[in-house]
Number of protein chains: 2
Amino acid sequence: MNETSASGENLLFLTDEQLRKGIEAMFFAYRGFTADPDRILSELAYGRAHHRAVHFINRSPGLTVNALLSVLGVTKQSLNRVLRTLIEDGLVESRVGRKDRRERQLFLTEKGAELERRLSEAQRARMRTAYRTAGPQAVAGFRQVLEAMMDEQIRAQYLSLKEVRS
Amino acid sequence: MNETSASGENLLFLTDEQLRKGIEAMFFAYRGFTADPDRILSELAYGRAHHRAVHFINRSPGLTVNALLSVLGVTKQSLNRVLRTLIEDGLVESRVGRKDRRERQLFLTEKGAELERRLSEAQRARMRTAYRTAGPQAVAGFRQVLEAMMDEQIRAQYLSLKEVRS
DNA sequence: CTTGGAAAGTCAACAAGACTGACATAAAAT
DNA sequence: ATTTTATGTCAGTCTTGTTGACTTTCCAAG
């Protein structure tokens, strides 16, 4: 009822109005975040699902289909359609697993890596600009809040990949 | 190649790897951000599109269809399907515009407001927890980066609603 | 060694929600 | 009177999610 009740301490300053603004900021920012890759993808008759698959295959070459659909949070049937077109178009290579031959290991081809670079460069450019505009301290806060917003298991997954691979 | 090259200044610290982590943080956090409302919506055979419509009608009662589809960034055909079900189900009321009788002004019914509260409370709860975990300074940075990530016109739209309505 | 799950992946069919295009109606503007 | 604007609707397409049913491969218990 009293909006100014938290104005002194500034630690418990979470009015519903401020939370609502945060919610809308997420919504609008996410739209900006996906806008540039979306434009590139639509030229090629691909969608966001293709982008995500290519992104994570690039990040972890050789990961299995199961690992990929787990990180993407979709069903294997849904992923499979996307994956099939990427393989048909020669962007992704699917090799039979070395140890377990039921598994398929996924890799980007040179052509796939090229698309990945194009997409992620567009996305990074926007992120870079936003980071520079907001400044280093803001970036740290940005990451902290986003991490706190993730589901538990997802956050663990995310944090476990925080280190750069050699 | 050398990761520590930016460790001194900490102003131009934007390695591709750090940008990639930011991109993934957005992806995973957005999933968390929508997870709670999605669960509620699926019980009711609604989707995210319904949530967004209800959210913005609640924020700006009496806004026109045109204004709504502009803020949502979808076509009228797409919005219309969602809006029709919300009106049929008695969550949204569409009144002929007072000044311009071509326009329809949109309002939540009590039932609609109830769903809005349920959805936004779930979302606010997560946001509140994330904010408290990260702290006030992080929250400020979070908002700064998100604002910088929006498209120009969207940001203007967003900022113009920054003030609390009476 | 065989057989009977279990696990990984694929195929088929369906649904939500986005899109475009065409058209209808009513009201406002010229 | 004519044109423009705001809204709604119908039809059809696309992406990307879903479930269900199937094949191939592995492993473990008898």
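Hydrogens, waters and symmetry mates play no part in the numbers below; they use all other heavy atoms, side chains included. Lettering follows sequence order; numbering is per chain, from 1. It should be emphasised that the depicted structure is a prediction, and the values quoted were computed from it without experimental measurement.
For the OP1/OP2 pair of C/dC14 and a distance below 4.0 Å, the side-chain nitrogens and oxygens of A/Arg81 include no atom meeting the criterion. In this model, the phosphate group of D/dT7 is approached by a side-chain N or O of B/Asn66 to a distance below 4.0 Å at OP1 or OP2. For C/dA27, the OP1/OP2 oxygens have a side-chain nitrogen or oxygen of B/Arg101 closer than 4.0 Å. In terms of phosphate contacts, B/His50 brings no side-chain nitrogen or oxygen within less than 4.0 Å of OP1 or OP2 of C/dA16. The shortest distance between the side-chain N/O atoms of B/Arg98 and the OP1/OP2 oxygens of C/dA27 is not below 4.0 Å. Taking side-chain N and O atoms only, B/Ser78 has no distance below 4.0 Å to OP1 or OP2 of C/dG17.
With rounding to the nearest 0.5 Å, the separation of CG in A/Leu19 from OH in B/Tyr131 is 6.5 Å. Rounding to the nearest 0.5 Å gives a distance of 8.0 Å between CG of A/Asn80 and CD1 of A/Ile87. Taking CG from A/Leu146 and CE from B/Met26, the interatomic distance works out to 6.5 Å, rounded to the nearest 0.5 Å.
Within 4.0 Å of B/Lys99, counting heavy atoms only, lie sugar-phosphate atoms of the nucleic acid but no base atom. Note on B/Gly73: only backbone sugar-phosphate atoms sit closer than 4.0 angstrom, heavy atoms only; bases stay farther off.
With hydrogens and angles left out, the side chain of B/Arg84 and the base of D/dG8 share no donor-acceptor pair within 3.5 Å. In terms of polar N and O atoms assigned as donor or acceptor, the side chain of A/Gln77 comes within less than 3.5 Å of the base of D/dG20 in a complementary pairing.
The side chain of B/Thr75 approaches C/dT20 more closely than any other nucleotide in the set C/dT20, C/dA28, D/dT7. With D/dG17, D/dG8, C/dA18 as the choices, the nucleotide that has an atom nearest any side-chain atom of B/Val74 turns out to be C/dA18. Comparing C/dA18, D/dG8, D/dT4 by their closest approach to the side chain of B/Ser94 singles out D/dG8. Candidate nucleotides D/dG8, C/dA8, C/dG17 were compared by shortest atom distance to the side chain of B/Arg104, and D/dG8 ranks first. Closest to the A/Asn80 side chain, of the nucleotides D/dG8, C/dG9, C/dT10, is C/dT10. Which of D/dT16, D/dA6, C/dG9 sits closest to the side chain of A/Arg48 comes down to D/dT16. Listed nucleotides: C/dA28, C/dG21, D/dT25. Nearest to the side chain of B/Asp100: C/dA28.
D/dT9 atom P lies 14 Å from atom CG of B/Leu69, rounded to whole Å. Distance B/Asp38 CG to C/dG17 P: 10 Å, rounded to the nearest Å. In this structure, A/Gln105 atom CD and D/dT25 atom P are separated by 16 Å, rounded to whole Å. One atom, CG of A/Leu44, and another, P of D/dC14, lie 17 Å apart when rounded to the nearest Å.
For A/Phe33 and A/Phe28, the distance between ring centers is not under 6.0 angstrom.
Ion pairing between a basic and an acidic side chain is recognised when a charged N comes within 4.0 Å of a carboxylate O; A/Asp151 and B/Arg126 show such pairing.
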